[in-house]
Protein chains: 2
Amino acid sequence: MAKKNKTKYALLGVLNTMSGSGYDIKKFCDSSIRYFWNENYGHIYPVLQKMEEEELVTKHVEQTDGRPSKNVYSITAKGRAELDNWLLMPVEPEHGRSELLLKIFWSKNVPVEVLIEKFMQIKEVSEEMLVQYAQIENDLKAHKDEIDKMNLVLWISTVNYGKHDSEAKIKWCEETIKSLEEIED
Amino acid sequence: MAKKNKTKYALLGVLNTMSGSGYDIKKFCDSSIRYFWNENYGHIYPVLQKMEEEELVTKHVEQTDGRPSKNVYSITAKGRAELDNWLLMPVEPEHGRSELLLKIFWSKNVPVEVLIEKFMQIKEVSEEMLVQYAQIENDLKAHKDEIDKMNLVLWISTVNYGKHDSEAKIKWCEETIKSLEEIED
DNA sequence: AAATTATATATCACTGTGATATATTTCAAA
DNA sequence: TTTGAAATATATCACAGTGATATATAATTT
C-alpha cells in the first residue's frame with residue numbers, strides 16, 4: 001500500500017549501538033551515516049513513539065533542571081530481533097528519482113556551452129566528494145585499533161561505495177563534455 | 001518548508017514533447033525515463049489539475065464512447081517558460097537514502113559467508129543492468145536518424161550514466177568480497 | 001551584556017508512493 | 001464461444017519522508 005518505513009531500521013541500528021534520545025540519534029546519524037542516510041526530527045520523534053508501542057524500544061525519562069526532560073530510548077530483545085531479521089532480507093530495488101538526469105533528458109534547447117559549463121560544475125563537485133571520502137577512509141584507518149574488525153571492513157566498504165560512485169560521475173562528465181564539444185563543430 | 005515539487009517539471013517535460021492525458025504521460029515515462037525517474041497516477045492527476053490552475057497547461061476533454069472521457073493536456077507558453085527556467089537552475093543536492101548501504105553499515109553480526117553471498121547477488125544484478133543499458137544504447141543508435149542530434153547526445157549521456165554506475169557497483173562488490181574473504185582467514 | 005550555539009522535543013504543510021477502486025473495450029486463448 | 005486477461009482512463013487513500021518552524025533554556029563566545 002504505502003512505502004515501507006525504513007527510518008525504523010535506521011533508528012534500531014543506532015539504538016543497537018547506544019541508548020539515547022531523539023536528539024542523540026540525530027547527532028549520531030549526522031556524524032556517521034550522513035553520506036548515504038539522513039534523518040530528521042519530523043520523523044525520529046513519531047517513529048520512536050511508535051516503536052515504543054510495538055515494544056521494540058523502551059523509554060525512560062531523565063529529569064534535568066532547566067532543559068526539557070530527556071527521553072532516553074533503549075533497544076529491546078524484540079527490537080534486536082526485528083533488526084537482525086531486516087538485515088538478512090534482500091534490499092528492495094530503489095527506483096530513485098534523479099533530478100540531474102531528468103534535467104539532462106529535457107535539455108535539448110539549452111545552449112551547448114551552458115550545458116558544458118554545467119557538466120564541468122558537476123565534475124568539480126564529484127572531485128570534492130572524492131577528497132572527502134578519502135579523508136573519511138583515512139580517519140577510519142587511523143582509529144582501526146578501536147573499531148571492531150568486522151565493522152572496519154563494512155564501514156570502509158560504505159566509504160568505498162562513495163569513492164567508486166564519485167569516480168564514475170567524473171568519468172561520465174568527461175565523456176559527456178567530449179560528445180557535446182563534438183556537436184559544436 | 002516542504003520538499004519541492006519536481007513531478008511538475010517531469011510532466012512539463014513530457015508535455016513539451018507531446019500533448020496527452022495522465023495515462024499517456026505515465027506510459028511515456030515508463031517507456032523512456034523509467035531508469036532514473038518514475039511517476040505514478042497518485043501524483044500525476046492532482047499535479048496536472050494544479051498546473052491547470054497555474055495556467056502552465058490547458059485541458060481539453062475528448063469524448064469517447066464507453067471509456068471514461070479523456071482529459072488531454074497541452075503545455076502553454078507560460079508552462080514552457082517555467083520548464084526552461086528550471087532547466088537552467090542548478091540541481092539541488094540529493095541526500096538520498098540508500099537502504100543497501102544502511103544494511104551494510106549495521107551488519108557486523110551477520111555471518112561473513114552470508115554477506116559475501118549478498119554481495120555476489122548485488123554484483124549479478126549490476127551485471128544484468130549493464131546488459132540492459134547496452135541494449136538501450138544500441139536501440140538509440142539504431143534510430144539515430146529519427147532523433148534530434150542534440151537529444152541523441154543527451155539521451156545517450158543518461159544511459160551512459162547508468163553504465164558507469166553499474167560498472168562502479170560491480171568493482172565495489174568485487175573489492176568488498178575480497179576484503180571479507182580476508183577476514184575469514 | 002549580548003549574541004550565538006547547543007540541548008531537547010513537537011508539529012505543520014507539503015511531496016512522494018503504491019495499492020486499490022471503478023468501468024469499459026479489445027483481443028486472444030481455452 | 002465465452003471467459004478472461006490486457007489495455008484504456010481517472011480518482012482516491014493511507015502512509016512515508018522532508019524541511020521549516022515553534023518553544024525553552026543552558027552554556028559558551030564575542
Side-chain angles (χ1 to χ4, degrees), chain A residues 1-11 19-31 33-34 36-54 59-73 86 92-99 102, chain B residues 1-11 19-31 33-34 36-54 59-73 86 92-99 102:
Chain A
M1 214 202 293
K3 208 175 167 183
K4 254 212 97 181
N5 187 344
K6 289 170 200 162
T7 288
K8 187 161 107 175
Y9 302 108
L11 302 193
S19 293
S21 64
Y23 191 81
D24 294 329
I25 291 170
K26 172 82 165 111
K27 256 200 306 180
F28 186 95
C29 289
D30 288 348
S31 71
I33 57 178
R34 106 195 96 142
F36 55 86
W37 197 269
N38 81 329
E39 279 305 337
N40 51 285
Y41 294 126
H43 229 162
I44 290 173
Y45 289 112
V47 170
L48 277 173
Q49 270 173 38
K50 219 174 160 191
M51 288 201 292
E52 201 198 350
E53 284 166 37
E54 292 174 47
K59 180 172 86 175
H60 102 102
V61 182
E62 243 177 46
Q63 291 299 336
T64 55
D65 28 50
R67 272 177 231 161
S69 62
K70 191 171 171 169
N71 299 326
V72 177
Y73 291 90
W86 175 73
E92 286 175 51
E94 302 169 41
H95 303 285
R97 298 179 111 189
S98 167
E99 193 192 344
L102 186 65
Chain B
M1 215 206 292
K3 209 174 167 182
K4 254 209 99 182
N5 187 344
K6 287 170 201 162
T7 287
K8 186 161 109 177
Y9 303 107
L11 302 193
S19 293
S21 64
Y23 191 81
D24 295 329
I25 291 171
K26 172 81 164 111
K27 256 200 306 181
F28 186 95
C29 290
D30 288 348
S31 72
I33 57 178
R34 105 196 96 141
F36 55 85
W37 197 270
N38 82 329
E39 277 305 338
N40 50 286
Y41 295 125
H43 229 164
I44 290 174
Y45 289 112
V47 170
L48 278 174
Q49 270 174 39
K50 218 173 161 190
M51 288 202 292
E52 200 198 350
E53 283 166 37
E54 292 174 46
K59 179 172 85 176
H60 103 102
V61 181
E62 242 176 47
Q63 290 300 335
T64 55
D65 28 50
R67 271 175 234 162
S69 62
K70 191 172 171 169
N71 300 326
V72 177
Y73 291 90
W86 174 73
E92 286 174 52
E94 302 169 40
H95 302 285
R97 299 179 111 189
S98 168
E99 193 194 343
L102 185 64

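What you are looking at is a predicted structure, and each value in this text was computed from that prediction instead of being measured.
Between K3(A) and dC15(D), a side-chain N or O to OP1/OP2 separation shorter than 4.0 Å is absent. Regarding contacts with the backbone of dA13(C), every side-chain N or O of K4(B) stays at 4.0 angstrom or more from both OP1 and OP2. Residue R97(B) places at least one side-chain N or O closer than 4.0 Å to OP1 or OP2 of dT18(D). At least one side-chain nitrogen or oxygen of T7(A) sits closer than 4.0 Å to the OP1 or OP2 atom of dG17(D). For dT7(C), the OP1/OP2 oxygens have no side-chain nitrogen or oxygen of S21(A) closer than 4.0 Å. Between K27(B) and the phosphate of dA7(D), there is no side-chain N or O to OP1/OP2 separation shorter than 4.0 Å.
For the residue pair W37(A) and T7(A), the shortest heavy atom distance occurs at CZ2-N, 4.4 Å.
Where Q49(A) and K8(B) meet DNA chain C, the nucleotide closest to each residue was compared, and Q49(A) sits on the side nearer the 5' end. Take the nearest nucleotide of DNA chain D for V72(B) and for N5(A): the residue whose nucleotide is more 5' is V72(B).
Residue-level contact check: K50(B) touches the backbone only, with heavy atoms under 4.0 Å from sugar-phosphate atoms and none from bases.
For the segment residues 38-48 of chain B, residues with any heavy atom less than 4.0 angstrom from an atom of DNA chain C are, sorted by number, N38(B), N40(B), G42(B), H43(B).
Taking 4.0 Å as the cut-off between side-chain N and carboxylate O, R97(A) and E39(B) count as a salt-bridged pair.
For the atom pair H43(A) NE2 and N5(A) CG, the distance stands at 5.5 Å (nearest 0.5 Å).
At whole-Å resolution of the value, OH in Y23(B) and P in dA11(D) are 15 Å apart.
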